[in-house]
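Single-structure report; data block below.
Proteins get letters first, then strands, A, B, ... in listed order; numbering begins at 1 in each. Everything numeric in this text was worked out from a predicted model, so none of it was measured.
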Number of protein chains: 2
Amino acid sequence: MSDRDTRHKASMQKLKARVDEKVANATEQRGLIIVNTGNGKGKTTAAWGTVTRALGYGYRVGVVQFIKGLWECGERNRLEDDPNLDIAIMATGFTWDTQNRAADTQACKEVWEDAARMLADPEVYLVVLDEITYMLKFGYLDIDTVREALKNRPREQTVIVTGRNAHRDIVAMADTVTDMQEVRHAFSDGIQARRGIDF
Amino acid sequence: MSDRDTRHKASMQKLKARVDEKVANATEQRGLIIVNTGNGKGKTTAAWGTVTRALGYGYRVGVVQFIKGLWECGERNRLEDDPNLDIAIMATGFTWDTQNRAADTQACKEVWEDAARMLADPEVYLVVLDEITYMLKFGYLDIDTVREALKNRPREQTVIVTGRNAHRDIVAMADTVTDMQEVRHAFSDGIQARRGIDF
């Protein structure tokens, strides 16, 4: 074995000891609250990746798309026939297109009923609340309502919250929080949003 | 209309003008290099989200899993029957488990042949090089080889590179780079990795 191979092996043995200790310490089993926030790409995309993952084991999944739903959506195209997937969409389009707070608030309250139903159902293993952060920011939805529904959900249920500027109360409740930061974005460099990649 | 509604409308009109300008400026159409890096959750998950999205439009997709492939993988379960999806896996397991640089290097070079084939195929709309950053970091794979393959790929092909510590040459070539930063991670708080959520 070369010197480099020997050093690699020693370094990997040390790393393995650290990993094994962490794995041994992780003993709690329950559903999580996961927050994908930040100004970069990947918040909703990672949520759909997790949806695909959970469906791959035959779990039931609920997705609530706040704001979105007018645009075509490749993930919806690919997965919507899955009998274990329940999708509710607000379908108003972007707030800067509707420019109508009263109508958006009403549409939001209606789709929240679907979210509340999923969050109360112990058969639903994963619930995605896509872009709900904007609903809280604009005051379309009350933080107390959301917090109570999250707190009282079934113990085994995981919830993913996506969107920029996640409310501090949601972040405080969360088990896993990822801040997806934009280092560079093709769109800002003049490259068009791409079908099958960006939407 | 209430004062608050009027202010909302005015603010949304201003926002719409800014968004419309950005959209008008984004005129270039081509495949992208996307890098999902950072120490947080979501790098691979967002890549699988994009795979699902692209498959939803019937595009051909290639996924190369470096390192991973021994563990069960919900996304693979859910999508592997898709005739438009081609998956190549290195399947050695984590470097801290194999502890064998020579054997890992050989396995990496073999799976790279699949990656090189996908990166040369104009029929493949999206290629995911999952966790390839570790191959470069450990010297299993040569940066020049990867850089040339990326540079010479078909114009319409998008490539997603995932993993921590992305090589500076790959970051320099990339169109979109997201740094997924861990704010909090359930695993570090003693919660077990969860089937259908974490893998």
Side-chain angles (χ1 to χ4, degrees), chain A residues 4-5 8-9 12-13 15-16 19 22 25-30 32 36 40-42 45-46 48-50 52-57 59 74-79 95-97 99 101-102 125-126 158 174-187 189-192 194-197, chain B residues 4-5 8-9 12-13 15-16 19 22 25-30 32 36 40-42 45-46 48-50 52-57 59 74-79 95-97 99 101-102 125-126 158 174-187 189-192 194-197:
Chain A
R4 189 170 177 190
D5 287 350
H8 176 86
K9 188 176 168 74
M12 288 301 124
Q13 281 172 336
L15 181 55
K16 181 169 171 55
V19 171
K22 282 185 86 168
N25 287 338
T27 53
E28 196 178 345
Q29 296 193 45
R30 60 172 173 79
L32 308 171
N36 295 345
K41 291 282 292 179
T45 322
W48 276 108
T50 312
T52 306
R53 186 175 287 168
L55 291 173
Y57 294 101
Y59 290 121
E75 305 93 307
R76 239 180 20 233
N77 290 351
R78 182 60 183 77
L79 301 172
T95 51
W96 57 81
D97 283 325
Q99 303 179 4
R101 206 180 76 88
Y125 187 76
L126 170 66
T158 290
D175 301 290
T176 296
V177 180
T178 308
D179 184 11
M180 298 181 174
Q181 300 206 339
E182 177 177 318
V183 178
R184 195 178 309 146
H185 194 322
F187 180 61
D189 289 330
I191 302 175
Q192 279 187 10
R194 208 161 165 76
R195 202 168 85 120
I197 304 295
Chain B
R4 189 170 176 191
D5 288 350
H8 176 87
K9 188 175 168 73
M12 289 301 123
Q13 282 172 334
L15 181 55
K16 181 168 168 55
V19 171
K22 281 184 86 170
N25 287 337
T27 52
E28 195 179 345
Q29 295 192 48
R30 61 171 172 81
L32 308 170
N36 294 346
K41 292 280 294 178
T45 322
W48 276 107
T50 313
T52 306
R53 186 174 288 167
L55 291 173
Y57 293 101
Y59 290 121
E75 305 93 308
R76 245 187 5 239
N77 291 351
R78 182 61 184 77
L79 301 173
T95 50
W96 56 82
D97 284 325
Q99 303 179 5
R101 206 180 76 89
Y125 188 75
L126 170 66
T158 290
D175 301 291
T176 296
V177 180
T178 307
D179 184 11
M180 300 184 173
Q181 300 207 339
E182 177 177 318
V183 178
R184 195 178 308 145
H185 194 322
F187 180 62
D189 289 331
I191 303 175
Q192 280 186 8
R194 208 163 165 76
R195 201 168 85 120
I197 304 295

* B:Asp179 versus chain A, the contacting section by heavy-atom distance below 4.5 Å -> both
* Asked: Looking at residues at least two apart in the chain, or sitting in another chain, which of them share a ring pair (Phe, Tyr, Trp, His ring centres under 6.0 Å) with A:Phe187?
  -> none
* To do: Just give me the residue among A:Arg101, A:Arg4, A:Met12, A:His185 that pairs up with chain B most often, heavy atom to heavy atom, under 4.5 Å.
  => A:Arg101
* To do: Can you see which heavy atom on A:Arg195 is nearest to which on B:Tyr57, and at what distance?
  => NH1-CD2, 3.4 Å
* Structure fact -> Closest heavy-atom pair, B:Gly42 versus A:Ala46, reported as atoms and distance to 0.1 Å, is O-CB, 4.1 Å
* Given the options A:Leu55, A:Val177, A:Leu15, A:Val183, which has more heavy-atom pairs under 4.5 Å with chain B than any of the others? -> A:Val177
* Asked: Any side-chain heavy atom of B:Asp189 sitting closer than 4.5 Å to one from A:Glu28?
  -> no
* A:Arg78 side, atom CZ; B:Thr52 side, atom OG1 - distance, nearest 0.5 Å -> 7.5 Å
* Can you say whether B:His8 sits under 4.5 Å from chain A via the side chain, the backbone, both, or neither, judging by heavy atoms? -> side chain
* Using non-hydrogen atoms only, which part of B:Thr158 is less than 4.5 Å away from chain A: side chain, backbone, both, or neither? -> side chain
* Sort B:Ile197 into side chain, backbone, both or neither according to what part of it lies under 4.5 angstrom from a heavy atom of chain A. => both
* Asked: Hey, are A:Arg184 and B:Asp175 close enough for a salt bridge, meaning a charged N less than 4.0 Å from a carboxylate O?
  -> no
* Can any side-chain N or O of B:Thr45 pair as donor or acceptor with the backbone N or O of A:Thr50 at less than 3.5 Å? -> no
